[in-house]
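Structure record follows, encoded as C-alpha cells.
This one's a predicted model, so the numbers in the text were calculated from it and none came from an experiment.
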Amino acid sequence: MTVLTMAKALNDGLRAAMERDPKVLVMGEDVGKLGGVFRVTDGLQKDFGEQRVLDTPLAESGIIGTAVGLAIRGFRPVCEIQFDGFVFPGFDQIVSQLAKLHFRSQGKVRMPVVVRIPFGGGIGAVEHHSESPESLFAHVAGLKVVACSNPADAYWMIQQAIDCDDPVIFFEPKRRYWEKAEVDLDATPPPLFASRVARAGSTLTLAGYGPVLRTCLEAATAAEADGHDIEVIDLRALSPLDLGPVIESVRRTGRLVVVSEAPSEASVTAEVAARVQEQCFHSLEAPVIRVTGFDTPYPPSKCEEDYLPDLDRVLDAVDRSLAW
C-alpha cells in the first residue's frame, strides 16, 4: 500500500498511462512548466517532453477541437480544463463534435479523449471556479461521465478512462485533492463504469459521488451513534449510471437519500431518484430524499458553506427518511 493524496494519485495514474502508451498526450492551460494549478500534472513535461505535455493557449474550444483532430489521427489526448466554469467555451466542441463523431462515422472513427475537469466548491474561490456542471454532460449521448472520490479511484479511474475508446468527461473533486489515503498499486480495480458499496449497512441507503462521498461516510458514522446502520454507495459513473448496487441496497433498506453538490432540478440525483422509484416502488418505506446544492448560481465564497450539502443537512435528510 502507498499513501497518496488524490492529486498525486492522479499524477501517478497519468504517468503510468503515458509510460504504457506513447500515443497518450496531456494538454491544457499551464499543465507543462507549472504542472497545473493543482499540480496534478507536475513533472510530466520534464519527464515526457513538450511534444507530449503541451501548454496550450487560453482557448478551451481550441483545446477540445485540437484533441478531436489528434484522436482522429490515432492519439489519446487528455485535456485539462483548469476550472469547471471554464469548460463552456469548449462546450460546443464537446457536445457537437467529440460526442457525435463515433456515431456520425458509423463506428469508423473512435474518440479516445479524456476531458479532466476539477469541479465543485469548498475552496473559497471566485466566480466561475466552483461549478458542478456534471448533469449537462451526463445528458449528452456519446459521452461517458465519471467522478472519482478518493485517491485509489483517482489512480485507477484515470488510467481506465484513458484506455477507453469513447470520450470520457472525468470530474475531479477539487476540495479533495489534498486528502490522503492508501492506494494499492497492484490491485485489480473495479470496472470504470461501476458504482461500489463504500460502507455496508441495513437501515438506510446513502448514495453520492465525488466531493460529497466523504460527507456521506461521515454521516453514516455519526448516525451509528443513534443505532442506525447506514449503507453508503459511491456512484462513480454518472453516465452510464450503474444503479444495480443502489437498487439491491434499497430493496433491503427501504430508504434512499441521494447527495450531490449540483443543483437539484434536472440533475443526476433526480435521475437516480426517478429510476429507483420505478424499480423499487414496492420496497420503499419512505420517499427518496435528495440533498443538493440550491437552484441558484454558485454563491460568493463567504456563503458557500451554507450552499454546500454538509453533515447536518445529510443527517437531517436521514432523520426525515427514518421518521416515515
Side-chain angles (χ1 to χ4, degrees), residues 60 64 67 79 81 83-103 111-121 130-149 153-154 157-158 160-162 164-174 176 190-196 207-213 216 233-247 256-279 288 290-295 297-298 309:
E60 285 75 17
I64 305 301
C79 304
I81 302 299
F83 282 90
D84 33 41
F86 297 178
V87 72
F88 298 108
F91 191 75
D92 179 36
Q93 287 284 0
I94 292 172
V95 303
S96 300
Q97 307 301 329
L98 185 61
K100 304 289 195 298
L101 276 167
H102 180 65
F103 185 82
M111 282 286 112
V113 176
V114 177
V115 181
R116 294 181 40 245
I117 305 177
F119 82 123
S130 300
E131 308 296 326
S132 295
E134 57 268 26
S135 299
L136 301 176
F137 295 99
H139 186 72
V140 178
L143 296 178
K144 310 292 190 187
V145 184
V146 300
C148 57
S149 67
D153 271 356
M157 288 173 70
I158 190 62
Q160 292 170 312
I162 292 168
C164 182
D165 284 334
D166 293 316
V168 178
I169 310 299
F170 194 95
F171 282 103
E172 303 165 8
K174 66 174 80 76
R176 307 301 186 198
L192 178 59
F193 306 113
S195 56
R196 69 179 181 91
Y209 58 88
V212 301
L213 203 278
C216 291
I233 297 179
D234 186 352
L235 295 175
R236 299 174 80 248
L238 311 183
S239 181
L241 271 169
D242 173 29
L243 291 184
V246 178
I247 289 166
L256 174 64
V257 174
V258 193
V259 187
S260 84
E261 288 190 10
S264 64
E265 190 164 330
S267 64
V268 171
T269 59
E271 178 68 16
V272 173
R275 286 170 59 179
V276 167
Q277 184 275 143
E278 288 173 357
Q279 298 184 49
V288 177
R290 293 183 293 150
V291 183
T292 69
F294 298 104
D295 293 314
Y298 196 86

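Q97 is not listed as a side-chain neighbour of P167, based on a closest heavy-atom distance of 4.5 Å or more. Counting only heavy atoms from C-beta outward, the side chains of F91 and P133 never approach each other to under 4.5 Å. A heavy-atom distance below 4.5 Å is found between the side chains of F193 and V146. Side chains of L256 and V272 form a contact here, defined as non-hydrogen atoms less than 4.5 Å apart. Residues I94 and V87 are in side-chain contact: their nearest non-hydrogen atoms beyond the backbone lie under 4.5 Å apart.
Under the 3.5 Å distance criterion, the side-chain polar atoms of K144 are left unmatched by any main-chain donor or acceptor of P240. Remark: side-chain polar atoms of R236 are paired, donor with acceptor, to backbone N or O of A194 under 3.5 angstrom. Side-chain atoms of Q160 come within 3.5 Å of backbone N or O of P190 as a donor-acceptor pair. Without hydrogens or angle criteria, S239 side chain to V145 main chain gives no donor-acceptor distance under 3.5 Å. Of the possible donor and acceptor atoms, none in the side chain of T292 sits under 3.5 Å from a partner among the backbone N and O of S260. At least one donor-acceptor pair under 3.5 Å links the side chain of R290 to the backbone N or O of S264.
For the atom pair CG (D166) and CG (L192), the distance works out to 10.5 Å, reported to the nearest 0.5 Å. To the nearest 0.5 angstrom, I247 atom CD1 is 10.0 Å from I233 atom CD1. In this structure, CD on Q277 lies 10.0 Å from CD on Q279, to the nearest 0.5 angstrom. Taking CG from L235 and CG from L213, the interatomic distance works out to 8.5 Å, rounded to the nearest 0.5 Å. Atom CD of E271 sits about 7.5 Å away from atom CG of L243, to the nearest 0.5 Å. Between atom SG of residue C216 and atom CG of residue D234 there is a gap of 9.0 Å, rounded to the nearest 0.5 Å.
When every heavy atom of S130 is checked against every heavy atom of G121, the shortest pair comes out as CB-CA, 3.8 Å. Shortest non-hydrogen contact noted between V288 and A273 is CG1-CB, 3.7 Å. Taking every heavy atom of both residues into account, Y209 and E134 meet most closely at OH-OE2, 2.6 Å. Across S149 and R196, no two heavy atoms sit closer than the pair OG-NH2, 4.2 Å. The shortest non-hydrogen separation linking P173 to C148 is CD-O, 3.1 Å. Heavy atoms only, all atoms of each residue included: V259 and V212 are closest at O-CG2, 3.4 Å.
Paired with F137 under the rule side-chain contact (heavy atoms from CB on, under 4.5 Å), one option of L238, V115, I169 passes, and it is I169.
Relative orientation of the F171 and F119 rings is tilted, given thresholds of 30° and 60° on the angle between their planes.
By the side chain to side chain donor-acceptor pair (under 3.5 Å) test, E261 pairs with R175, sequence neighbours left out.
Taking a cutoff of 4.0 Å between a charged side-chain nitrogen and a carboxylate oxygen, D84 and K174 qualify as a salt bridge.
Within a 6.0 Å sphere centred on CD of E265, heavy atoms belonging to other residues, nucleotides or ligands number 12 at most.
Listed by first then second residue, pairs satisfying salt bridge (Lys or Arg N to Asp or Glu O under 4.0 Å) with a partner in residues 112-121 read E80-R116, R116-E172, not counting sequence neighbours.
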